[in-house]
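The structure under discussion appears below in the form of C-alpha cells.
Hydrogens, waters and symmetry mates play no part in the numbers below; they use all other heavy atoms, side chains included. One-based numbering, in listed order, for ligands and for the atoms of each.
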Amino acid sequence: MKSKKYIWIHVVVALIVSLQLNAQEKSEPIPAVGLAIKAGSNFERIDFNRHAVGENDIEIEILYAGICHSDFMVRGAHQHVVPGHEIVGRVTKVGDKVTKFKKGDYAGVGCMVNSCGHCEYCEAGKEQYCKERTVFTYGSPDRFHDGQITQGGYSNIITVSERFGINVPKKADIKRVAPLMCAGITTWSPIKFSDVKKDDVVGVAGFGGLGHMAVQYLVDLGAKVTVFDITDEKETDAKRLGAERYVNVATTKDFSNLSDTFDFIISTIPADYDPMMYVKMLKMGGGELAFVGLPPNSNISISPFVLQSAHRYVYGSLIGGIPETQEMLDYSVANNIYPEVEIIEAKPEEVDKAYEKIDAGEVKFRYVIDMRTIEK
Ligand SMILES: [Zn+2]
Ligand SMILES: [Zn+2]
C-alpha cells in the first residue's frame, strides 16, 4: 500500500515537471537568422530572437519574402533592421488556443503583426488604423513583447499572433503569393473602397509592383484600364496584362482629351509628380483618385477649386485590414491573379544587387527572396 502511494507521488511529480518543462519550452525565445541593413552599410546576415509562441501565436517557417519599395526606408535605420512585409511560409508550431491554423498549413504575413484588438478600428477589421498603435512587421516596438523592435520577413522563421496570419490555400502558387501581402492588398483595398465595376473607365498611374497588381484586379472586374507611366518600354506588359490603353506621360504634351473621363484612378507612383494632372482627368460628379504610392516629398498640392467645382474625390489608402487581406488572397488564388516575380537567393550580396536594380528602375515588378537558401 505504502509503495503504491510512493509510485503515485512520483507520477504526479513527473507530470508537474514535464508540464513545467513544456511551458518553459514554449516561452523560450526562438533563434532566427535574417538579412539586415542599417544606415551606411550593405545587407548582412544576423542572428536574433523571435518572441516565443504564445497561446494565440503561430510559428512560421518562411519560404518566400517579397521586396517592397517601402522596405528601402530601413536603409536609414540606426541599428540593424531585417526588412520584409511580404511573407509566406509553412506553419511549424501553433499555440494552445490557436483555431485558424494547424501545423503544415501555409500562412501569409503582411505589414502588421499585432494590434490592440478592441478599439473601434480593430473591431471593424481595420487593424492598420488601430487607435492604440498597430505593431508593424519590422522596425516597430512590439508592446506585447517587452517593446522589442520587430524584425521582418527576410528571415527563416517568424512568430505572429494568429489573428495576423492569413490562410493561404494549398493550391496557391506559393512562389508568387508573398507580394500579394502588400502589393496585392494595397491595390485591392481602394479598388473595393471605390466600388469599381464592369465597364468603369479606370486609370493606373505607375506600372511597377503595385501598378501591375492593380491592372490585373481592374481587368478581372471588367473595367476599361488605361496605364500611365514615364517610359515606352512598359506598354507591351501593360497590354499583355489587359490594359486597353497606355499613355507615356513623359512624352505626351496634351492631356485635354483625357479630361473628365475617369471613374477611378489609382496612383501607385513612388516619385514626385503633379497629382493635379490626374485629378483633372476624373469625371465630374463622383470621379475618385486613390493615392497608394509614397512620393519622397509628400508635400504635393491639390487645388480645392478643381475638387469643389466638379465634385471630385481624392483620398489616400494604407494597405488593408486583416479580413480584407484574406478576401484579397482568396480572390487572387481563385482567379489566378499573381504578381510577376523574379526569385533570388537569400544572400546579402543578392539582395544588395536587387536593391540597386530597383533604385535604377531596372526591376520588372517584384523580386522575391527564396528564404530557404539563407545560411543557417
Ligand atoms: Zn510594402
Ligand atoms: Zn486597435
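- For E86 and R366, the salt-bridge test passes: some basic side-chain N is under 4.0 Å from an acidic carboxylate O.
- Note on residues 131-146: pairs passing salt bridge (charged side-chain N to carboxylate O under 4.0 Å, His left out), not counting sequence neighbours, are E120-K131.
- Draw a line from the Zn ion (ligand 2) to SG of C119 and another to SG of C130, and the angle between them is 120° (to 10°).
- Every residue two or more places apart in sequence or in another chain that forms a side chain to side chain donor-acceptor pair (under 3.5 Å) with K364 is listed here: D237.
- Side-chain atoms of Y138 and D71 form a donor-acceptor pair, as typed in the model, at a separation below 3.5 Å.
- Scanning for side-chain contact (heavy atoms from CB on, under 4.5 Å) contacts around E233 gives T231, with sequence neighbours left out.
- Checked by atom type, the side-chain pair Q326/D330 shows a donor-acceptor distance below 3.5 Å.
- Less than 2.8 Å away from the Zn ion (ligand 1), the protein contributes these N/O/S atoms: C68 SG, H85 NE2, C182 SG.
- Y315 and S194 are linked by a side-chain donor-acceptor pair at a separation below 3.5 angstrom, with hydrogens and angles left out of the test.
- Between C116 atom SG and C122 atom SG, the angle centred on the Zn ion (ligand 2) amounts to 110° (nearest 10°).
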